[in-house]
Amino acid sequence: MMAKGMLIIGAGECGGQAALALRDLGYDGPVTLVGDEPHLPYERPPLSKDAMTSDAPAIKAIASDEILAERSIRHIHSVQAMAIDRATHGVRLSDGSVLPYSKLLLATGSVPRRLPMPGIGPRCVYLRTFNDALAIRAHLRARNRIAIVGGGFIGLELAAAARGLGATVTVIEAQQRILMRGVPAEIAKIIHETHQAEGVKILCGDAIAAIADDGAQVRIALAGGQDIVADLAVIGIGAVPVTGLAAEAGLTIDNGIAVDAELRTSDPDIFAAGDCCSFPLAVYGGRRVRLEAWRNAQEQGALAAKNMLGAGEAHAAVPWFWSDQYGLTLQISGLSDEGSKVVRRDLDDGAFILFHLAEDGRLVAASGIGPGNSVARDIRLAEMLIAKRAKPAPEALGSQTIKLKSLLAA
């Protein structure tokens, strides 16, 4: 058996960043990265964007084979972790081998939530991996009919990509509007109208009554009486954290693998980070959350590496999300549901930002939308104000003539 060292289960954004960070921090012991896909660690946001529209889709790798070799990071791919033996500090893999660890990081991510109904067949698909993206991309062409079940970020980004390639697109959302989770209605309305202007049909507030997938096409019967016929149905109704390995090992589960502020699980030698874990957010009084976000995976991978080496550093980042659709960029910093008052700041070219304030006047979130990077700078400044628990005057937030940077200095 190889020497004990740092073992990372999950070779995605979070796990890959953790492995690289361990070397950046000077750790010179064994680092092993285990993933169930055949690919190098890669970024997932391009799967619903560039991978759909590019003539030659390719993974956006976090590190090449050469870099992993140079940094003595052992990457074991195409295998699954089957069981953790906490007593002996070992993880059994699907190929029968056992890997020892001194510290273990679970970066197992999340998987698409399945639509729990009969009738789903080969023309009903989910997007999580690069191979999933390739399979979907093959159907995005002129005159093909694409149904997207779920009006969240992934579904809408796919809708934009499909329309750009000439496909006919229908989005089905059971709730009363798209982007119900975490996106203010005022911004969701602009996204909705933009999709409609681009030819996307959006159906909200109507549940699916039945699905019939005969392998050639999909017929979706809605509760309101409409029938949608598609060549492909992409189901994007949320994600479920991958917790089976942790649960079977007896670790605490609470909307994901439960970790403390240092990303440590209920076992002091096992950490968890990224989509798979729930953690306390200091900036919101320790509210426990689970975030499915690219930057969170990056940040927590790096933080987990520090704390596996004994840094004892608490998570202090402010959540941040973004989406690009039809040249519009939506960015959100913080959690808008923490706010009770909204102040709007208008920017150039129709862009604007909504600032969300708590009862005590503290800035808790900022949501912005506009062409290109028009809101990026102000959202970043808002993020810094949120982290400082600042209480800027509402009039100043709403004024185009008062720079956010001046509020930060104050």
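Here the structure is a predicted model, which means the values were calculated and not measured. Residue indices begin at 1 and follow the sequence shown.
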Colleague: May I ask you to decide if I154's main-chain N or O and S48's side chain share a donor-acceptor pair within less than 3.5 Å?
Modeller: no

Colleague: More than 12 heavy atoms of other residues, nucleotides or ligands under 6.0 Å from CG of D85: is that the case?
Modeller: yes

Colleague: Got D132 and L47 here, is their nearest side-chain heavy-atom distance under 4.5 Å?
Modeller: no

Colleague: Can you find a pair of side-chain heavy atoms, one from H356 and one from V342, that are under 4.5 Å apart?
Modeller: yes

Colleague: Hey, are the side chains of H195 and V171 touching, using non-hydrogen atoms and a 4.5 Å cut-off?
Modeller: no

Colleague: Kindly check if the number of other-residue, nucleotide or ligand heavy atoms within 6.0 Å of CZ (R137) is above 12?
Modeller: yes

Colleague: M52 and A161: which non-hydrogen atoms are nearest, and at how many Å?
Modeller: CB-CB, 3.6 Å

Colleague: Would you call E248 and R92 a salt bridge, taking side-chain N to carboxylate O under 4.0 Å as the test?
Modeller: no

Colleague: Can you check whether D275's main-chain N or O pairs, donor with acceptor, with R290's side chain at less than 3.5 Å?
Modeller: yes

Colleague: Mind checking whether S374 and L347 have side chains closer than 4.5 Å, heavy atoms only?
Modeller: no

Colleague: Please evaluate residues T265 and D267 with respect to the criterion side-chain hydrogen bond (donor to acceptor under 3.5 Å, both in side chains), reporting the C-alpha separation (whole Å), side-chain torsions for both, the decisive distance (0.1 Å), and the verdict.
Modeller: CA-CA 5 Å; T265 70; D267 183 316; 5.5 Å; no

Colleague: Using every non-hydrogen atom in the two residues, find where V343 and L357 come nearest and quote the distance to one decimal.
Modeller: CG2-CD1, 4.0 Å

Colleague: So does Q400 have more than 12 non-hydrogen atoms from other groups sitting under 6.0 Å from CD?
Modeller: yes

Colleague: Under a 3.5 Å distance rule, please check whether S266 uses its side chain to pair with a backbone N or O of T252 as donor and acceptor.
Modeller: yes

Colleague: Less than 6.0 angstrom from the centroid, inside 45 degrees of the normal: does K49 satisfy that with respect to the ring of W322?
Modeller: yes

Colleague: Using the ring of each side chain (for Trp, its six-membered ring), is Y42 parallel, tilted or perpendicular to H39, with breaks at 30° and 60°?
Modeller: perpendicular

Colleague: For the CD1 atom of I8 and the CZ atom of R74, what is their distance to the nearest 0.5 Å?
Modeller: 13.5 Å

Colleague: Can you tell me which residue among E292, E37, E13 is in a salt bridge (Lys or Arg N to Asp or Glu O under 4.0 Å) with R44?
Modeller: E37

Colleague: To the closest 0.5 Å, what do you measure between CG (L99) and CD1 (I84)?
Modeller: 11.5 Å

Colleague: Backbone N or O of L335 within a donor-acceptor pair of the Y284 side chain at under 3.5 Å?
Modeller: yes

Colleague: Applying side-chain contact (heavy atoms from CB on, under 4.5 Å), run through R123 and D231 and close with a yes or a no.
Modeller: CA-CA 7 Å; R123 292 281 176 148; D231 299 293; 4.2 Å; yes

Colleague: Kindly say whether V218 contributes a backbone atom to a donor-acceptor pair with the side chain of D213 at under 3.5 angstrom?
Modeller: no

Colleague: Between R177 and E173, does at least one N-O distance fall below 4.0 Å, as a salt bridge requires?
Modeller: no

Colleague: Measure the spacing between CD1 of I228 and NZ of K201 and express it to the nearest 0.5 Å.
Modeller: 5.0 Å

Colleague: Would I172 and D206 count as a side-chain contact (heavy atoms from CB on, under 4.5 Å) here? Give the steps.
Modeller: CA-CA 7 Å; I172 302 165; D206 205 347; 5.7 Å; no

Colleague: Apply the test side-chain contact (heavy atoms from CB on, under 4.5 Å) to residues Y27 and M308: give CA-CA distance (whole Å), side-chain angles for both, the deciding distance (0.1 Å), then the verdict.
Modeller: CA-CA 10 Å; Y27 177 71; M308 291 167 80; over 6 Å; no

Colleague: Measuring from atom CD1 of I369 to atom CG of L328, what distance do you get when rounded to the nearest 0.5 angstrom?
Modeller: 5.0 Å

Colleague: Are any non-hydrogen side-chain atoms of M82 and S94 less than 4.5 angstrom apart?
Modeller: yes

Colleague: May I ask you to decide if A351's main-chain N or O and D349's side chain share a donor-acceptor pair within less than 3.5 Å?
Modeller: no

Colleague: Is it the case that the side chains of T329 and Q331 hold a donor-acceptor pair, with the cut-off being a distance below 3.5 Å and no angle test?
Modeller: no

Colleague: Yes or no on side-chain contact (heavy atoms from CB on, under 4.5 Å) for V149 and I211, after CA distance, side-chain angles and deciding distance?
Modeller: CA-CA 11 Å; V149 180; I211 291 182; 5.7 Å; no

Colleague: Taking all non-hydrogen atoms of both residues, which atom of G150 and which atom of I237 are closest, and how far apart?
Modeller: CA-CG2, 4.4 Å

Colleague: Nearest 0.5 Å, what's the CG-CZ distance between D337 and R181?
Modeller: 11.0 Å

Colleague: Would you check if H315 and N296 make a side-chain contact, meaning some heavy-atom pair closer than 4.5 Å?
Modeller: yes

Colleague: Just checking R287: does its CZ atom have more than 12 heavy atoms from other residues, nucleotides or ligands closer to it than 6.0 angstrom?
Modeller: yes

Colleague: For a quick test of reading the model, state the closest non-hydrogen atom pair linking A305 to A18 and the distance between them.
Modeller: CB-O, 3.6 Å

Colleague: Cut-off 3.5 Å, side chains only: do N131 and T129 have a donor facing an acceptor?
Modeller: no

Colleague: Please check: side-chain N/O of R345 versus main-chain N/O of L397, any donor-acceptor pairing under 3.5 Å?
Modeller: yes

Colleague: Quick one, R380 with E383, criterion salt bridge (charged side-chain N to carboxylate O under 4.0 Å, His left out). Give me CA distance, side-chain angles, the key distance, then yes/no.
Modeller: CA-CA 5 Å; R380 175 59 182 149; E383 181 184 333; 3.0 Å; yes

Colleague: Would a 4.5 Å heavy-atom cut-off, applied to side chains only, mark I270 and I257 as touching?
Modeller: no

Colleague: Within a radius of less than 6.0 Å around CG of D95, do more than 12 heavy atoms belonging to other residues, nucleotides or ligands occur?
Modeller: yes

Colleague: Using every non-hydrogen atom in the two residues, find where F271 and N307 come nearest and quote the distance to one decimal.
Modeller: CZ-O, 3.5 Å

Colleague: Any non-hydrogen side-chain atom of L251 less than 4.5 Å from a side-chain atom of L106?
Modeller: yes

Colleague: Donor-acceptor check, side chain of S278 to backbone of D254, threshold 3.5 angstrom: yes or no?
Modeller: yes

Colleague: Atom CE of M384 and atom CG of L408: how far apart are they, to the nearest 0.5 Å?
Modeller: 4.5 Å

Colleague: Please determine if E198 and R163 form a salt bridge, counting it only when a charged side-chain N lies under 4.0 Å from a carboxylate O.
Modeller: no

Colleague: Checking R344 side chain against L354 main chain: does a donor-acceptor pair fall under 3.5 Å?
Modeller: no

Colleague: Which heavy atom in A261 sits nearest to a heavy atom in L303, and how many Å separate them?
Modeller: O-CD2, 4.4 Å

Colleague: Quick check against the 3.5 Å criterion: does N144 have a side-chain atom that pairs as donor or acceptor with the backbone of H139?
Modeller: yes

Colleague: Assess whether a salt bridge exists between D24 and R71, defined as any Lys/Arg side-chain N lying under 4.0 Å from an Asp/Glu carboxylate O.
Modeller: yes

